[in-house]
Amino acid sequence: MDRNLQRQVANMRKSLFDQGYLDEQFIQLEDLRDDANPNFVEEIVTLFYTDSAKLIRNIENALENNPSDFERLDDYMQQFKGRSSSIGAKKVKTECSQFREYCKAGNAEGCIRTFQQLKQELATLRRKLETYFEMARQANT
Amino acid sequence: MMSSSSSGSGKKFSVLVVDDDPVIQRIHRVFLDRFGFETQVVGNGKEAVDLFCSGASFHLVLMDWDMPIMDGPKATRELRRMGVRSMIVGMTSRDRDSEKQEFVRAGSDDCCSKPLTSNTVTSLLQQLHTKYH
């Protein structure tokens, strides 16, 4: 095992928490890894992104076709917040909460703006986690 | 230290996970298997009701709120109307107390926030030991 690479992996992992991308729930997922499920965390993250695509499309369509239907938008985002919580996606969750606040306030422009930020956070987290998982794989070979 | 997940007769506690989110389904299955439960998963409240109608029984039902076809509170009311005595725990990402109360009014024994954590499962195990011993 490359000790230098292992150190880099550990540092990257720490930075994901320190910079607020991940929270305690990610650690809960890591604790569920075992010999039977060695890639459990990566599997769950992949499942999250695959499954979330449809919900993101629904929100996009709703914002485009009926941006004043705040009840529907809030409902979609409440679902998405729950899913984001399940992988410990902290910054994404924050954007979800902000979106819901704009729904409560009836602020369509705020919803649209926050949704763009949410998609950016999703993409950033995905890139960082893909890099992290790849480095972790290399460190373990 | 994990509590024993056996029901006292040596058999494992059985749990039905009712949730339409494939991520939650997978997490909860692995979590509960790790704690020694016998786990089955269905995707909505109607499937849960149909399962009980077919004669299946579970010590514990973890019931999501938002699901297609039949949501959690409705499924809970139906199961209680049918005479199901299993421990039913609402699992919700909703953070408003009034909504958690609605789950309890529907007949659930408790309501917890998603996602499941080690502390939640440990607490549920303790409640199961109390109920079934």
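In what follows, chains carry the letters A, B, and so on, assigned in the order in which the sequence lines appear, proteins first and then strands, with residues in each chain numbered from 1.
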Are [Y] and [X] linked, directly or through intermediate hydrophobic residues, by side-chain heavy-atom contacts shorter than 4.5 Å (ILVMFWY only)?
X	Y	value
B:Val61	B:Ile69	no
B:Met67	B:Val104	no
A:Leu22	A:Ile27	yes
A:Ile87	A:Tyr132	yes
A:Tyr102	A:Leu122	no

Between [X] and [Y], what is the shortest heavy-atom contact and its length?
X	Y	answer
B:Leu116	A:Gln25	O-OE1, 4.2 Å
B:Pro115	A:Ser85	CG-O, 4.0 Å
B:Ile24	A:Ser86	CD1-CB, 3.7 Å

Give a yes or no on this: more than 12 heavy atoms of other residues, nucleotides or ligands lie within 6.0 Å of atom NZ of B:Lys74.
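No, because the 6.0 Å sphere around NZ of B:Lys74 holds 12 heavy atoms or fewer from other groups.
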Please determine whether the number of non-hydrogen atoms from other residues, nucleotides or ligands lying under 6.0 Å from atom CZ of A:Arg72 exceeds 12.
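Count not over threshold, so no.
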Drop me the distance from A:Leu47's CG to B:Arg26's CZ, to the nearest 0.5 angstrom.
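It is 8.5 Å, given to the nearest 0.5 Å.
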Atom CD in A:Gln79, atom CG in B:Asp66: separation rounded to 0.5 Å?
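Reported to 0.5 Å precision, the distance equals 5.5 Å.
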Under the side-chain hydrogen bond (donor to acceptor under 3.5 Å, both in side chains) definition, can you give me all pairs with a residue in residues 15-24 of chain A, not counting sequence neighbours?
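Qualifying pairs, neighbours excluded: A:Lys14-A:Asp18, A:Asp23-A:Lys93, A:Glu24-A:Gln28.
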Partners passing salt bridge (charged side-chain N to carboxylate O under 4.0 Å, His left out) against B:Lys46 (at least two apart in sequence or in another chain):
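If we apply the salt bridge (charged side-chain N to carboxylate O under 4.0 Å, His left out) test to B:Lys46, skipping adjacent residues, the hits are B:Asp50.
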Could you walk me through whether A:Arg83 and B:Val23 pass the side chain to side chain contact (heavy atoms under 4.5 Å, CB included) check?
CA-CA 7 Å; A:Arg83 291 176 189 208; B:Val23 173; 6.0 Å; no
Under 4.5 Å heavy-atom distance to chain A, tell me which part of B:Ile27 shows up: side chain, backbone, both or neither.
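Backbone plus side chain of B:Ile27, per the 4.5 Å heavy-atom cut-off to chain A.
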Residues of residues 30-40 of chain A under 4.5 Å from chain B (heavy atom pairs)?
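Only A:Asp31, A:Leu32, A:Arg33, A:Asp34, A:Asn37, A:Phe40 of residues 30-40 of chain A have a heavy atom under 4.5 Å from chain B.
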Counting only non-hydrogen atoms closer than 4.5 Å, can you tell me which residues of residues 51-71 of chain A sit against chain B?
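A:Asp51 fall under the 4.5 Å cut-off.
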